[in-house]
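Here's the structure, in structure tokens; my notes come after.
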Amino acid sequence: NAGVTQTPKFQVLKTGQSMTLQCAQDMNHEYMSWYRQDPGMGLRLIHYSVGAGITDQGEVPNGYNVSRSTTEDFPLRLLSAAPSQTSVYFCASSLTGTNEKLFFGSGTQLSVL
Amino acid sequence: TQLLEQSPQFLSIQEGENLTVYCNSSSVFSSLQWYRQEPGEGPVLLVTVVTGGEVKKLKRLTFQFGDARKDSSLHITAAQPGDTGLYLCAGAPDSWGKLQFGAGTQVVVTP
């Protein structure tokens with residue numbers, strides 16, 4: 001049972017480049033979310049989805065896009081990377097909602113130069 | 001501004017000592033979760049508390065939810081090097097609210 005799988009593990013971008021962080025879960029979870037983790041700031045919610053075809057903004061959505069075409073996949077797109085987006089990104093899922101146990105992926109460490 | 005304030009930010013202790021980590025807020029939460037995160041990995045859920053005054057035990061870890069559901073604590077008895085990690089609290093203001101995380105407490109237990 002793979003759980004939540006994130007790729008890539010590490011990525012270096014130049015300012016202005018675009019890229020997609022991949023997230024897939026095999027637990028048939030309805031709820032999926034993306035967080036960024038920065039030193040001293042904890043985990044901050046970027047975007048989340050309560051089911052296929054439904055997405056909503058979190059606390060820090062600017063500069064990021066998401067879509068949820070299937071239950072399993074929830075990719076995060078950086079449209080034009082900026083140094084302020086240097087961070088560690090985590091995808092998480094739960095069965096139905098935020099009050100339940102969140103299962104996290106192992107993270108993507110992104111550096112924007 | 002963090003909705004959930006964790007203290008201390010960093011704690012270094014010797015094996016066998018006890019420690020307490022605090023998670024405080026001015027807001028009421030319908031539930032509060034504690035996670036532990038190890039380097040290079042995502043957080044892993046330790047416990048969820050939902051009732052004011054609730055106490056849950058997980059081996060040497062004791063979790064308490066404040067009576068007013070605004071704060072929580074994590075107490076580790078006789079800490080071991082395997083307890084080393086970043087401890088995060090997370091709360092939801094209501095059943096449909098977005099989960100908010102504290103900044104975390106880094107715990108280092110040396111042999």
Proximity breakdown for Gln109(A) and chain B, heavy-atom pairs closer than 4.5 Å: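 It is neither, since no heavy atom gets under 4.5 Å.
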
So which part of Leu45(A) gets closer than 4.5 Å to some heavy atom of chain B, the side chain, the backbone, both or neither?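 Side chain only.
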
Which pair of heavy atoms, one from Ala103(B) and one from Gly40(A), lies closest together, and at what distance?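 Smallest heavy-atom distance, with atoms named: CB-O, 3.5 Å.
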
Can you name the closest pair of heavy atoms from Pro43(B) and Phe104(A) and give their distance?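 Result for this residue pair: O-CD1, 3.4 Å.
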
Are more than 12 heavy atoms, taken from residues, nucleotides or ligands other than Lys9(A), located less than 6.0 Å from that residue's NZ atom?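 Atom NZ in Lys9(A) is packed in, count exceeds 12.
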
Answer yes or no: are there more than 12 heavy-atom neighbours, outside Gln14(B) itself, under 6.0 Å from its atom CD?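 Enclosed.
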
Between Val44(B) and Lys101(A), is there a side-chain heavy-atom distance shorter than 4.5 Å?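 They are not in contact (no side-chain heavy atoms under 4.5 Å apart), so the answer is no.
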
If you define the side chain from C-beta out and look only at heavy atoms, does anything of Leu102(A) sit under 4.5 Å from Leu99(B)?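 The answer is yes; the side chains approach within 4.5 Å.
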
Please state whether the side chain, the backbone, both or neither of [X] comes within less than 4.5 Å of a heavy atom of chain A.
X	answer
Glu41(B)	both
Leu86(B)	side chain
Gln37(B)	side chain
Gln6(B)	neither

Do [X] and [Y] sit in one hydrophobic cluster, given that two such residues count as connected whenever their side-chain heavy atoms are within less than 4.5 Å of each other, even indirectly?
X	Y	result
Val4(A)	Val66(A)	no
Trp34(A)	Val50(A)	no
Val60(A)	Leu110(A)	yes
Phe10(A)	Tyr89(A)	no
Leu74(B)	Tyr22(B)	no

Main chain of Phe101(B), side chain of Tyr35(A): is a donor-acceptor contact present, judged purely on distance under 3.5 Å?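 No, the answer is negative, given that no donor and acceptor are paired below the 3.5 Å cut-off.
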
Separation of Glu59(A) CD from Leu3(B) CG (nearest 0.5 Å):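 Going from the CG atom of Leu3(B) to the CD atom of Glu59(A) covers 9.0 Å.
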
